[in-house]
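Model, not experiment: these values are computed from the prediction. Here is the naming used below: chain letters follow the sequence lines, and residue numbers restart at 1 for every chain.
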Protein chains: 2
Amino acid sequence: MGEPVAAHHHSLARELECVSQVPIFQELATDQRTSIAKVTRPIHAEKGGLIYRPEEVSQTLYIVNTGQVRLYHLGDDGRERVLRVLNPGDFIGEIALFTDEIHQDYAEATKTTELCTISRTALTALLDRLPPLALSLLSALAVRLRTAERQATLLAIPDALPRLAGYLLTLTDQRVGTYTLPMSKQDLAAYLGMTPESLSRKLKQLATQGIIETVGRRQIKLLDVAALQAVAPQ
Amino acid sequence: MGEPVAAHHHSLARELECVSQVPIFQELATDQRTSIAKVTRPIHAEKGGLIYRPEEVSQTLYIVNTGQVRLYHLGDDGRERVLRVLNPGDFIGEIALFTDEIHQDYAEATKTTELCTISRTALTALLDRLPPLALSLLSALAVRLRTAERQATLLAIPDALPRLAGYLLTLTDQRVGTYTLPMSKQDLAAYLGMTPESLSRKLKQLATQGIIETVGRRQIKLLDVAALQAVAPQ
DNA sequence: CGGATGGTTGACTGGTTTCAAGAGAAGTGG
DNA sequence: CCACTTCTCTTGAAACCAGTCAACCATCCG
């Protein structure tokens, strides 16, 4: 953990590819995307590499192209609290657009990862020039806001089992099938506001009830949707 | 609870006053604000009146002008889980801009309240015509997102005391002084994911430690910032 | 003044955390 | 390809914190 991040020099093709794969740019015309690619700088991070760390000033928008990035706090007990996991298409740093906020968390690549970055000045200029971009960003922020608020209501539930069930419902889109967890179980536990031990026990409980089945280390097979909904809140 | 909401007919002066008091419109020119006022419809709600309820389709942006609105879920145990409390200038329904989302919560006036409403079609038209408006909205959403994510990390903490301390730190901006709680203590308890009883006990604990002092029913006097930070997480 | 609501306090129960140890998987190097 | 290390995950037992239920007090309102 902690190897420096490698920045590459400009090669428009790479940037364009990155920009084109990002949802918030998808609806734009090709020439508009090219103009975005021009102000984009790709960043490469190996597994364990840090994109940014606490105390750093946030003046950049990061968009994950390939790979995965994990955002986490470091509690005073030295334990990590996972805020969020970013998969391709997700982005961080939108606050950088408006204020010189200071990062309070670590952004770490969990595998080999490619990101596009846009500086605040470049992005505000883009927003002036491309009104549809503002709408895309608005839409993306609204979605994130919804999931964050849903997450908050989930976490407000005192009992661990419904909290887990609620999470599994959103993960699986309420359909029977096998799903891969977006993070390790200890990270998931922190994300759900419980200890790894509790998560393990609750998963087992759901398994013995025939609601789910754990496959290997990072996969979960949903068997009984209705039963899971019955356990979940609301 | 549950009295119908009274809608008023158009009287541009009222609408303009409402629009002018809302932060996201503040930076616009007067004529732009007038054009917004034209598509705005004011809504009045008495204490206990519902702005919307679950199952209703969200196609409107609501902006609180005066008064206060409380958003809450109804758990399957019949208990209310407070999502958020809206004070003047705050808004809800931004998701309505992009999808036909269905409301899953109640929006209830906690006192006599005036709101401005804008329909989705009117708002998208406005966003096309007034690019700065999109930026204002973006900025507001980014701020809300930050607080929602902070809230989520707070709630992930298993112990009630640091959770409360973390909340108090954000409420008080880490400065000694007297502050008014934005909601009732039972609502605050639900917002912080604990019972009113626990909140009462934890507040008392902080008081006996000389960190805070409760003044009346809705005010809290912060005495020792450092001690509060020591109790809070991170 | 009386009722309703919001808030506090107390004793008890129960679920989660903690601490500690063990099982399993994955990755490394011989 | 197999031992070995290492890390993740699981399992068990005990302490503890917060939830629950119930009663009481305070405040606000008509």
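- Applying a 4.0 Å cut-off to non-hydrogen atoms, the residues of residues 200-221 of chain A that approach DNA chain C are A:Arg201, A:Lys202, A:Arg217, listed by residue number.
- Atoms CD and CG, from A:Gln21 and A:Asn65 in turn, are 4.5 Å apart once rounded to the nearest 0.5 Å.
- In terms of position on DNA chain D, the residue among B:Pro162 and A:Leu199 whose nearest nucleotide sits closer to the 5' end is A:Leu199.
- Atom pair B:Leu161:CG and D:dC17:P shows a separation of 11 Å (rounding to whole Å applied).
- Annotation: ring-ring contact (aromatic ring centres under 6.0 Å, His included) contacts of A:Tyr52 (sequence neighbours excluded): A:Tyr62, A:His103.
- The phosphate of C:dT17 has OP1 or OP2 within less than 4.0 Å of a side-chain N or O from A:Thr195.
- Residue contacts shown for B:Arg163 are absent, as no nucleic acid heavy atom lies under 4.0 Å away.
- At least one cation-pi condition fails for B:Arg70 and B:Tyr191: the charged atom is not both under 6.0 angstrom from the six-membered ring centre and inside a 45 degree cone around its axis.
- With rounding to whole Å, A:Lys47 atom NZ is found 10 Å from C:dA26 atom C1'.
- Residues from residues 181-190 of chain B placing a heavy atom under 4.0 Å of any atom in DNA chain C, listed by number, are B:Ser184, B:Lys185, B:Gln186.
- Listed pair A:Ser198 / C:dT17 meets the phosphate criterion, a side-chain N or O lying under 4.0 Å from OP1 or OP2.
- Relative to the side chain of A:Met194, the nucleotides D:dA18, C:dG10, C:dT17 differ in distance, and C:dT17 lies closest.
- Atom P of nucleotide C:dT5 and atom CZ of B:Arg70 are separated by 13 Å, given to the nearest angstrom.
- One can place CD of A:Glu197 at 15 Å from C1' of C:dA23, the figure rounded to the nearest angstrom.
- Between B:Tyr167 atom OH and B:Leu154 atom CG the span is 10.5 Å, to the nearest 0.5 Å.
- When rounded to the nearest whole Å, the span between CG of B:Asp159 and C1' of C:dG15 equals 14 Å.
- Note that the SG atom of A:Cys116 and the CZ atom of A:Arg14 stand 9.0 Å from one another [nearest 0.5 Å].
- A distance of 4.0 Å separates CD1 in B:Ile118 from OG1 in B:Thr40, rounded to the nearest 0.5 Å.
- None of B:Arg84, B:Arg81, B:Glu108, B:Arg79 except one satisfies the side-chain hydrogen bond (donor to acceptor under 3.5 Å, both in side chains) rule with B:Tyr72; the exception is B:Glu108.
- The CD atom of B:Glu114 sits 4.5 Å away from the OG1 atom of B:Thr66 when rounded to the nearest 0.5 Å.
- With a 4.5 Å cut-off on side-chain heavy atoms, B:Leu203 and B:Ile220 count as touching.
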